[in-house]
Structure formats: C-alpha cells, structure tokens
Protein chains: 2
Amino acid sequence: MRRASHEAKELHGANVDCKNCSMFALCLPVGVGDADLDLLERIIKRRKLIRRGEDLFRRGDRFHAVYAVKSGSIKTFTPADRKTVQVTGFHLPGELLGLDAVGAGVYQYSARALETASLCEVPFDKLEGLGAIVHGVQRQMLRIMSAQIRHDLAMHALHCKSGAEGRLAAFLVNLSARLGERGFSRAEFRLSMSRADIGNYLGLAKETVSRLFTQFQERQLISVKRKSLRVHDLYRLEALAGLHLAGA
Amino acid sequence: MRRASHEAKELHGANVDCKNCSMFALCLPVGVGDADLDLLERIIKRRKLIRRGEDLFRRGDRFHAVYAVKSGSIKTFTPADRKTVQVTGFHLPGELLGLDAVGAGVYQYSARALETASLCEVPFDKLEGLGAIVHGVQRQMLRIMSAQIRHDLAMHALHCKSGAEGRLAAFLVNLSARLGERGFSRAEFRLSMSRADIGNYLGLAKETVSRLFTQFQERQLISVKRKSLRVHDLYRLEALAGLHLAGA
DNA sequence: CGATGAGTTGAAACGTCTCAATCTACGTGG
DNA sequence: CCACGTAGATTGAGACGTTTCAACTCATCG
C-alpha cells in the first residue's frame with residue numbers, strides 16, 4: 001500500500017521533494033540536525049542542469065558519480081547496430097542513474113535528457129567513504145542497490161510479455177506507478193519520450209506503438225493527445241499487462 | 001581480456017573453485033590466514049544440495065540468505081498468466097541468487113534446480129554484520145551488487161534484440177561467455193534447461209527455438225544433439241547477436 | 001517394453017514490421 | 001505575427017516472421 005494523497009504535482013517543472021528521492025534513505029540513518037547530516041549535504045548537493053538532447057554522461061566515460069533526477073526525465077541508451085541505438089531505460093524524478101557503474105569504473109550506457117532536467121550529483125568515492133564511517137549509511141546503500149536490481153527485474157518482466165498490446169500496457173502501468181510513488185498523478189501525465197523511443201525500448205516499431213495508442217483510446221482505456229496521457233481504466237490496463245494473476 | 005586457460009571443466013558434476021565464485025571477492029579484503037577469514041568461513045560455508053525439480057526457495061518466502069551456485073544450475077521464474085510461468089533467469093556455477101531480495105524482505109521469484117545442484121548459503125544478516133566490522137567487506141558487497149545490476153542490464157539487452165534469430169544467438173553467446181568466465185569450456189557445454197524454458201525466457205515459442213537450433217546447425221554455427229551443444233563459429237554467432245558494433 | 005515427456009517438423013493463421021503517404025504541432029526566420 | 005520547414009505522429013496496405021495446432025520421432029525411465 002502506497003500513499004499518493006498529496007496534491008499531485010506536474011511532472012514538468014516541479015521538483016521531487018528530497019523525501020521522495022531514492023537517495024533520501026541515506027539521510028535517515030544520520031542523526032538529523034547533526035554534524036553528520038551537514039557532512040552528507042556537503043557531499044550530495046551539487047546540482048546539475050541539462051537541456052533536452054544534452055548528455056549527462058556517455059557510455060565509456062569514467063565513473064565518478066551517481067545521479068538522482070530532481071526534475072525532468074532522462075533516457076539511457078547504448079549502441080545496438082552500427083547505426084541504431086537501443087534505449088535501455090527511462091529515468092523519472094526521484095530515480096537514480098549510474099549504480100551499475102559502481103564496480104565497473106565506467107558508465108555502461110549514455111544518458112540524455114528528454115526535457116530540461118535538474119539532477120543531484122553524488123560523487124561515489126565520497127559517499128563510500130562516508131559509508132565506512134557513519135553507521136547505517138552502508139546498510140542503506142545496499143538497500144538502494146537491491147531496489148535497483150528489483151527494478152531491473154520488473155523491467156525485464158515487462159519486456160517478456162508477448163504481444164505488443166501487453167507490453168505497451170505494462171509500460172504504461174509501470175510509468176503510472178513510478179510517477180505515483182513520487183507524488184505525481186497516476187492518472188494523468190506527460191510522455192516525455194517519443195513514440196520511437198517507446199517502441200525502441202519495448203522492441204516494437206514506432207508505428208505499432210502509435211496504432212496501439214489509438215486502439216487503447218477507442219477502447220476507453222486511456223486518452224492520448226500528443227504527449228499528454230490520461231489513464232481512464234487502470235484496472236483493465238493492468239489486466240492487459242498480465243497482472244491480476246492469482247488473488248494475491 | 002579474460003583468461004580461460006585452465007583445463008575446461010565439465011559443467012555437470014564439477015564444482016566451481018571458490019576463486020571463480022562471485023562471492024569470493026568478499027574473502028579478499030579479510031586478511032587471509034587471519035581470525036577474520038575463519039569468521040567469514042563460518043558464516044558462508046553452509047552447503048545445500050537440491051535435486052532436479054526441487055525448489056531452493058519460492059516467490060514470497062521470507063528472505064534470509066543469498067545463495068551461490070557451486071555446481072549444477074538453477075532457473076528462476078515467477079507466475080505470468082493464471083496458468084503459466086515466466087522464466088526470469090538461469091543461474092550457472094559461480095553465480096549468485098537472491099540479491100534482489102535484500103531490501104524487499106521476501107524473494108521476488110521462485111528458484112528451481114534444473115539438475116542436481118549444490119549451493120553455498122550465505123545468511124545475509126550475518127554478512128551485513130561482518131561488513132560493518134571488517135574493512136573492505138562492505139566495499140565488495142557494493143561491487144557485487146553493482147555487478148548484478150550490470151548483469152541484469154546485459155540480460156535486458158539480450159531480450160531487446162528483435163528477431164528470434166538474434167535473441168537466440170545472443171542467448172548462446174551469453175551462456176558461452178558466462179561459462180567461460182568460470183573456467184568451463186566456451187565451445188562445448190550442456191544445455192541444462194529445456195527448449196520450452198529457453199523459449200519462455202526469450203519470449204519465443206519452443207518450436208521456434210527448435211527450428212532455429214537446426215537452422216544454426218545447417219549453417220555450421222553450432223551443433224546440437226539433444227542437450228549437448230558445441231559452438232563452431234562464435235564470431236558469426238556474435239554477429240547474429242548484434243555484437244561487433246563499432247571497432248571497439 | 002510400453003509409457004511418458006521432450007524435441008522435431010510441417011502447414012496454415014495471425015500479428016507485427018516495413019514502406020509510403022498524409023497529417024499535426026512546433027520552432028525559426030522572414 | 002504569420003508562413004514555412006521540419007520532425008514527430010498517424011494511418012493504410014502488403015510482406016514477412018513467428019505462433020499455433022497437429023503429427024510424428026526420439027530418448028528416458030519405470
């Protein structure tokens with residue numbers, strides 16, 4: 001059970017509260033109002049602003065920091081064919097980027113802003129150093145990594161749905177849920193990525209995505225107008241996505 | 001560049017050396033021959049043996065331990081439809097299971113032996129406790145988690161290849177590489193999972209998998225006889241899988 | 001040695017992709 | 001401020017690949 005009782009924010013423009021940020025868990029163990037918190041603040045709060053189409057980092061860049069999205073959204077991608085890319089994920093406000101690079105030393109994919117985005121940069125060596133000192137930070141770092149693995153698993157499951165319909169439905173349900181978790185509206189939001197990006201991500205042709213959107217609309221599941229989307233019947237959408245398994 | 005110069009072991013029956021185990025990294029930071037190592041040993045070395053078809057744990061079970069596969073292989077799966085399952089992964093000797101459950105408290109999927117398998121059980125609370133005390137263990141735990149995230153990313157990429165041919169090729173290349181990393185033969189190994197499992201995992205019908213195997217065989221890429229597989233032309237297989245991108 | 005489950009193969013049905021034309025929104029420069 | 005150019009989105013029709021259904025073979029095991 002998750003709460004989403006706040007007045008839902010607009011994705012575009014609004015920042016996530018630190019409370020809703022994936023990184024916030026790191027703040028909890030340190031005594032609030034303590035010198036420790038100040039220490040953490042000094043490490044984390046470097047802000048970065050990038051505009052639509054600009055890259056945050058590129059595949060192969062030396063790893064030095066994890067990023068938390070404060071506002072806007074980011075897509076990550078990696079070369080596929082000699083002249084195409086594979087979109088590997090979309091990152092929404094409150095979510096993290098770059099954890100996969102921790103042990104590798106270099107980023108595994110490129111990250112590009114889908115719209116103007118602000119981010120918190122967290123230099124990892126400093127954070128790791130803090131973890132060695134402050135009790136509980138280490139524990140939270142593991143929790144965060146584990147959550148990332150679960151997230152990736154869920155994305156994986158999303159891709160496995162056979163049939164374009166189920167995949168797109170799962171994608172929308174997933175987007176809706178992730179936005180809802182951070183206090184945005186679950187029912188109405190902006191698709192910051194193009195149809196082509198969605199298609200690429202899901203392994204579908206952009207035309208198929210487009211057709212499916214209009215089909216979902218005819219079935220009263222959603223309404224889409226350009227980039228704005230409204231979910232009318234989340235339950236049936238989830239059913240299409242293959243959720244609603246056992247009674248659980 | 002990875003080395004595989006050892007005499008290649010048989011997958012079936014042979015154990016991975018601790019040296020080749022994902023968990024081994026945890027042993028490095030503690031001074032070898034020290035009292036610490038003994039401590040680690042006491043935590044890790046609970047062995048578990050399960051037979052083909054038996055479950056190591058089930059989705060929803062309370063999380064208490066991470067497992068390392070010593071021999072044999074494990075498949076993980078989760079319910080999909082009301083009466084089908086989705087295979088989420090295969091775990092080979094030296095690989096880990098259950099890291100995703102660290103922050104969740106319960107396992108996210110069920111794990112079943114594809115053949116008789118022996119495992120090391122690592123109670124996580126104890127390990128975490130040790131991490132708080134022994135310098136370096138914490139660091140290695142993060143490295144391991146990060147590696148898991150990268151692994152999941154790679155699996156994700158594998159699924160994204162459009163076209164059954166590319167997906168199956170990528171799957172075989174991936175299997176070959178993972179076995180090679182642990183000192184097994186990259187060219188000749190046993191497919192411990194059924195065609196149906198492979199198909200389910202890749203989002204293909206089992207018949208398609210079967211047809212592709214014979215087709216790959218006709219093209220001299222591999223030879224398959226029942227469960228034993230030999231890779232004849234890894235390079236062309238990688239090409240099919242969509243690797244060989246830029247010159248890098 | 002028959003039973004059983006896994007694997008293979010064929011033919012038809014279906015779904016998704018590709019190609020191509022059209023349409024829409026948006027940003028740019030006149 | 002309007003007009004145009006462009007990139008993204010939509011829609012249609014045919015080609016292609018994968019799934020499904022079904023028959024059959026082959027190994028394994030009681």
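A note on names: the letters A, B, ... follow the listed sequences, proteins ahead of strands, and every chain is numbered from 1.
Among the heavy atoms of the strands lying under 4.0 Å from B:Gly203 are primed sugar atoms or P, OP1, OP2 only; no base atom is included. Residue-level contact check: A:Lys227 touches the backbone only, with heavy atoms under 4.0 Å from sugar-phosphate atoms and none from bases. The residue A:Ser210 sits close to a base: some heavy atom pair falls under 4.0 Å. Using a 4.0 Å heavy-atom cutoff across all strands shown, B:Thr208 reaches at least one base atom of the nucleic acid. Across all strands, B:Ser162 comes closer than 4.0 Å to no nucleic acid atom at all (heavy-atom distances).
Considering A:Thr76, A:Thr78, A:Thr88, A:Asp100 in turn, A:Asp100 is the only one that fulfils the side-chain hydrogen bond (donor to acceptor under 3.5 Å, both in side chains) rule with A:Tyr109.
Rounded to whole Å, the distance from CD on A:Glu115 to C1' on C:dC26 is 16 Å. Straight-line distance from the CD1 atom of B:Ile198 to the P atom of C:dT8: 10 Å, rounded to whole Å. A:Lys206 places its NZ atom 10 Å from the P atom of D:dG8, with the value rounded to the nearest Å. To the nearest angstrom, C1' of D:dT28 lies 11 Å from CZ of B:Arg52. Put simply, CD on B:Gln217 is 9 Å from P on C:dT8, counting in whole angstrom units. Whole-Å rounding puts the A:Glu207 CD to D:dA13 P distance at 15 Å. The separation between A:Arg167 atom CZ and D:dT18 atom C1' is 12 Å, rounded to whole Å. What separates CZ of B:Arg195 from P of D:dT19 is a distance of 16 Å, to the nearest Å.
Using a cut-off of 4.0 Å between Lys/Arg side-chain N and Asp/Glu carboxylate O, A:Arg178 and A:Glu95 are scored as salt-bridged.
A:Asp233 and A:Gln220 are not linked by any side-chain donor-acceptor pair at a separation below 3.5 angstrom, with hydrogens and angles left out of the test.
Inter-residue side-chain proximity for A:Val87 and A:Leu202 is flagged as unmet; no heavy-atom pair is nearer than 4.5 Å.
Heavy-atom nearest nucleotides on DNA chain C were determined for B:Val224 and for A:Ala164, and the one closer to the 5' end corresponds to B:Val224. Residue A:Arg226 is the one, among A:Arg211 and A:Arg226, whose nearest nucleotide of DNA chain D lies closer to the 5' end (criterion: closest heavy atom).
In this structure, B:Phe90 has its ring center closer than 6.0 angstrom to the ring center of B:Tyr201.
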